[in-house]
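Each chain gets a letter, A, B and so on, in the order its sequence line appears, and its residues count up from 1.
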Amino acid sequence: MKQHIAELIEAALAQLKQDGILPGELEPTIMVENTRDKSHGDFASNIALTLAKPARSNPRQLAEKLIAALPESAQVDRTELAGPGFINFFMNDASTQAVIGEVLAQGAQFGLAKAPRGQRVQVEFVSANPTGPLHVGHGRGAAYGAAVADLLQAAGIEVEREYYVNDAGRQMNILAASVWLRYLERCGQTLTFPSNGYKGDYIHDIAAGLYDDVADALNRPAADVFADIPADEPAGGDKELHIDALIERAQTLLSADEYRRVFDAGLNSILADIREDLGEFGIQFQHWFSERGLTSSGDVDRALASLQEKGHLYEQDGNIWFRSTAFGDDKDRVVKRANGQTTYFASDIAYHMNKFERGFDKVINIWGADHHGYIVRVKAAIQAMGYDPDKLEIKLVQFAILYRGQERLAMSTRSGSFVTLRELRDEVGSDACRFFYVTRKADQHMDFDLELAKSESKDNPVYYIQYAHARICSVQGKLTEAGWQWNQANGLINLNLLETEHEKDLITKLTKYPEIVDNAALNFEPHLLANYLRELASDYHTYYNAYKLLIEETDLRDARITLSQAVRQVLNNGLRLLGVSAPEQM
RNA sequence: GCGCCUAUAGCUCAAUUGGAUAGAGCAACGCCCUUCUAAGGCGUAGGUUCCAGGUUCGAACCCUGGUGGGCGCGCCA
């Protein structure tokens with residue numbers, strides 16, 4: 001409909017150019033906006049305001065001339081000059097009501113792009129280190145990333161969802177050492193667990209599983225394990241040196257294969273858990289991309305060679321540095337240490353090279369806000385390798401702080417006292433989690449109140465929206481009980497009977513849905529859809545309370561139920577895009 | 001110290017990305033169930049959009065300078 005109005009304005013502009021009122025070379029972009037206030041009509045254009053200066057004319061006079069030059073349209077009831085020079089368009093009821101037929105005809109397809117946009121994007125999200133279960137902080141990134149990916153797909157873009165698995169590096173070795181030490185305890189030995197190890201209960205479970213598989217084949221005397229190991233922090237030493245020495249010791253006392261066995265026991269078990277957790281959260285990834293694979297495939301070497309060849313690497317103090325300052329970074333970054341080991345950043349460079357080689361039109365990374373310091377250097381590397389850094393879109397997700405009523409819940413991964421995503425889902429349900437996580441703009445800090453998410457009342461937007469859906473479904477049941485039938489065709493013919501303000505508002509709201517989906521997708525802002533659904537549900541509850549649907553007059557009854565069914569369909573479509581279920585009864 | 005995010009009603013947040021009179025929900029107060037789910041609805045009240053300048057037809061939004069909050073500033077991952 002906006003398109004239609006833009007065409008009308010374009011025709012008017014052409015007319016004015018022909019009449020010599022506007023300079024012929026003017027090529028303005030025509031903006032048609034939804035009005036905030038319905039007394040301003042359905043749509044408004046600010047074209048006269050933007051053209052006033054180049055046309056050397058007063059905006060209101062120009063608007064008047066434009067209105068006079070607008071072609072007739074069957075859809076537009078009337079136009080009006082308002083305020084400083086806005087042109088307001090009032091659509092006629094029939095053209096607005098047509099949306100109901102569209103919704104019912106298209107069903108689950110309503111709101112999806114009519115044609116593919118011919119773009120392929122990758123969305124990488126969650127990508128939590130596989131050193132423990134996902135916690136509530138990952139939950140927001142998960143819900144946000146999934147919603148963005150689903151929205152982009154709805155907007156006609158081909159989407160690949162990817163999880164980058166950090167299965168290499170020191171943290172993973174700490175995990176392996178933690179598992180091994182718990183396993184040694186399982187074998188009956190007594191030892192002092194390192195303060196810097198992973199202490200969660202899941203480590204015990206993994207160790208128990210390992211013991212079930214290999215019995216005491218990987219057992220070594222604790223005395224040997226701890227012989228000459230530098231003291232841990234509680235004993236007055238350095239916890240980092242302590243754990244590193246333990247890792248090295250594990251690698252000495254165990255053969256390479258044996259160490260790998262322990263390492264993989266931790267990695268695989270945790271990855272499986274994460275995968276299951278996300279699956280239950282309604283999130284599927286097409287690819288689980290292994291960091292370790294980047295080294296074995298030679299991508300890391302290739303990425304560094306590429307930088308080397310273009311003259312962006314140099315050697316100092318035995319380390320190899322990437323001159324990222326040439327691309328706006330505050331300092332250069334080491335990519336290869338003097339001992340020959342590449343850094344995590346080198347893997348990241350290789351990973352992004354790999355992404356770009358896969359030929360996506362856009363690569364979207366969803367990161368926790370604590371990673372913002374990496375944006376500049378990653379973009380620097382991309383540019384240095386000769387790729388377009390603007391194709392990489394990095395969305396930062398701010399932290400969510402959990403509250404139980406007034407009480408603020410603490411989180412700390414190492415101490416094992418964190419709230420996991422699974423615990424959160426068990427407590428408030430996946431639906432509420434998915435919805436709450438995306439009701440706020442991603443770059444907005446948010447408070448997540450467990451009590452509210454659990455409450456089954458209108459205070460809780462998830463239940464409020466789901467209830468609107470269930471209400472409509474229940475009307476269908478009552479209809480049959482009353483011995484009536486809903487005749488959709490008859491309802492569609494009689495839409496003109498829906499002439500109350502409530503009904504008009506509701507129908508207008510339905511017409512906005514496709515645009516909301518598009519906006520939410522292209523701006524990576526699922527909260528727009530969440531807010532829209534709340535408004536639509538609110539409009540429906542208002543309507544439901546104001547009028548009775550099950551009435552004697554067949555035509556009006558059919559029209560009202562037809563409208564209700566269209567609302568139900570849109571609620572269903574919208575909730576599904578956010579990964580929230582639309583129950584038929586509650 | 002430097003960088004990124006942020007500041008809107010008592011609280012949690014919106015504002016169609018620069019549009020007209022800044023909107024919702026909580027909380028407060030007053031109403032509506034012999035009527036399709038009261039798991040709901042109606043109404044009242046609540047604002048110098050952190051401060052000071054600037055840009056323009058027009059600013060919560062853009063620019064400059066402050067102030068408060070969050071996060072980051074490893075050859076860790």
What is the base-pairing partner of [N], counting Watson-Crick and G-U wobble geometry with both distances under 3.5 Å?
N: rG18(B); answer: none
N: rG23(B); answer: rC13(B)
N: rG74(B); answer: none
N: rU56(B); answer: none
N: rG68(B); answer: rU6(B)
N: rA28(B); answer: rU44(B)

> Does anything in residues 437-449 of chain A reach RNA chain B, meaning a heavy atom under 4.0 Å, and if so which residues?
Replying inline: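 Residues of residues 437-449 of chain A that come under 4.0 Å of RNA chain B are, in numerical order, R440(A), K441(A), D443(A), Q444(A), H445(A), M446(A), D447(A).
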Above 12 or not: heavy atoms from other molecules or residues under 6.0 Å from [atom1] of [X]?
X: Q585(A); atom1: CD; value: no
X: K379(A); atom1: NZ; value: yes
X: E33(A); atom1: CD; value: yes
X: Q485(A); atom1: CD; value: no

Side-chain N or O of [X] closer than 4.0 Å to phosphate OP1/OP2 of [N]:
X: K331(A); N: rC75(B); result: yes
X: R337(A); N: rC76(B); result: yes
X: H40(A); N: rU21(B); result: no
X: Y464(A); N: rG41(B); result: yes

> If you measure only the distance, is there a donor-acceptor pair under 3.5 Å linking the side chains of T562(A) and W486(A)?
Replying inline: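 Judged by distance alone, the side chains do pair up.
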Quick one: label [X] by what it contacts on the DNA or RNA (base, sugar-phosphate, nothing), any heavy atom closer than 4.0 Å.
X: N339(A); answer: nothing
X: N519(A); answer: sugar-phosphate
X: A52(A); answer: nothing
X: K478(A); answer: sugar-phosphate
X: A470(A); answer: base
X: N531(A); answer: sugar-phosphate
X: D167(A); answer: nothing
X: Y463(A); answer: nothing
X: F322(A); answer: nothing
X: A168(A); answer: sugar-phosphate

>> Please determine whether side-chain contact (heavy atoms from CB on, under 4.5 Å) holds for the pair F436(A) and L450(A), giving the CA-CA distance in whole Å, both sets of side-chain angles, and the decisive distance to 0.1 Å.
In response: CA-CA 10 Å; F436(A) 267 73; L450(A) 297 180; over 6 Å; no
> Can a donor-acceptor pair under 3.5 Å be found between the side-chain atoms of N88(A) and the base atoms of rA20(B)?
Replying inline: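 Answer yes: a donor N or O sits under 3.5 Å from an acceptor.
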>> Between the base of rC75(B) and the side chain of N319(A), is there a donor and acceptor pair under 3.5 angstrom?
In response: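 Such a pair is found, so the answer is yes.
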Out of [options], whichever nucleotide has its closest atom nearest the side chain of [X]:
X: L396(A); options: rC75(B), rC4(B), rG40(B); answer: rC4(B)
X: H372(A); options: rA15(B), rG3(B), rA20(B); answer: rG3(B)
X: R534(A); options: rC4(B), rG41(B), rG25(B); answer: rG25(B)
X: V334(A); options: rC75(B), rU16(B), rG19(B); answer: rC75(B)

Taking the side chain from [X] and the backbone from [Y], do they hold a donor-acceptor pair closer than 3.5 Å?
X: H138(A); Y: H135(A); value: yes
X: D317(A); Y: N319(A); value: no
X: S178(A); Y: K199(A); value: no
X: R60(A); Y: G83(A); value: yes

Roughly how far apart, to the nearest Å, are [N] and [M] at atom [atom1]?
N: rU44(B); M: rA39(B); atom1: C1'; answer: 25 Å
N: rG72(B); M: rG65(B); atom1: C1'; answer: 24 Å
N: rG43(B); M: rA7(B); atom1: C1'; answer: 32 Å
N: rU8(B); M: rA22(B); atom1: C1'; answer: 8 Å
N: rA15(B); M: rG53(B); atom1: P; answer: 28 Å
N: rC29(B); M: rG68(B); atom1: P; answer: 37 Å
N: rA52(B); M: rU67(B); atom1: C1'; answer: 11 Å
N: rU48(B); M: rA9(B); atom1: C1'; answer: 13 Å

>> Does the protein touch nucleotides 42-47 of chain B at the base, only the backbone, or not at all? Give it as B, S and - per nucleotide, heavy atoms under 4.0 Å.
In response: S-----
>> Using a 4.0 Å heavy-atom cut-off to protein, can you give one letter per nucleotide of nucleotides 56-62 of chain B, 5' to 3': B if the base is in contact, S if only the sugar-phosphate is, - if neither?
In response: SB-----
> Considering the options D348(A), N365(A), N129(A), V126(A), which one meets the side-chain contact (heavy atoms from CB on, under 4.5 Å) requirement together with Y164(A)?
Replying inline: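 Considering D348(A), N365(A), N129(A), V126(A), a side-chain contact (heavy atoms from CB on, under 4.5 Å) with Y164(A) is found only for D348(A).
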>> Using a 6.0 Å distance limit plus a 45 degree cone around the ring axis, check whether R78(A) lies over the aromatic ring of F90(A).
In response: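 Yes, R78(A) sits over the ring of F90(A).
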> Taking syn as any angle within 90 degrees of 0 and anti as the rest, which one fits rC33(B)?
Replying inline: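 rC33(B): syn glycosidic orientation.
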> Would Y144(A) and F524(A) count as a close aromatic pair, with their ring centres under 6.0 Å?
Replying inline: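 When the ring centroids of Y144(A) and F524(A) are compared, they turn out to be at least 6.0 Å apart.
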> Passes side-chain hydrogen bond (donor to acceptor under 3.5 Å, both in side chains), S347(A) versus E291(A)? Steps please.
Replying inline: CA-CA 7 Å; S347(A) 297; E291(A) 179 188 356; 3.3 Å; yes
>> Applying side-chain hydrogen bond (donor to acceptor under 3.5 Å, both in side chains) to D431(A) and Q466(A), what does each step give before you reach the verdict?
In response: CA-CA 10 Å; D431(A) 280 348; Q466(A) 289 180 322; 3.0 Å; yes
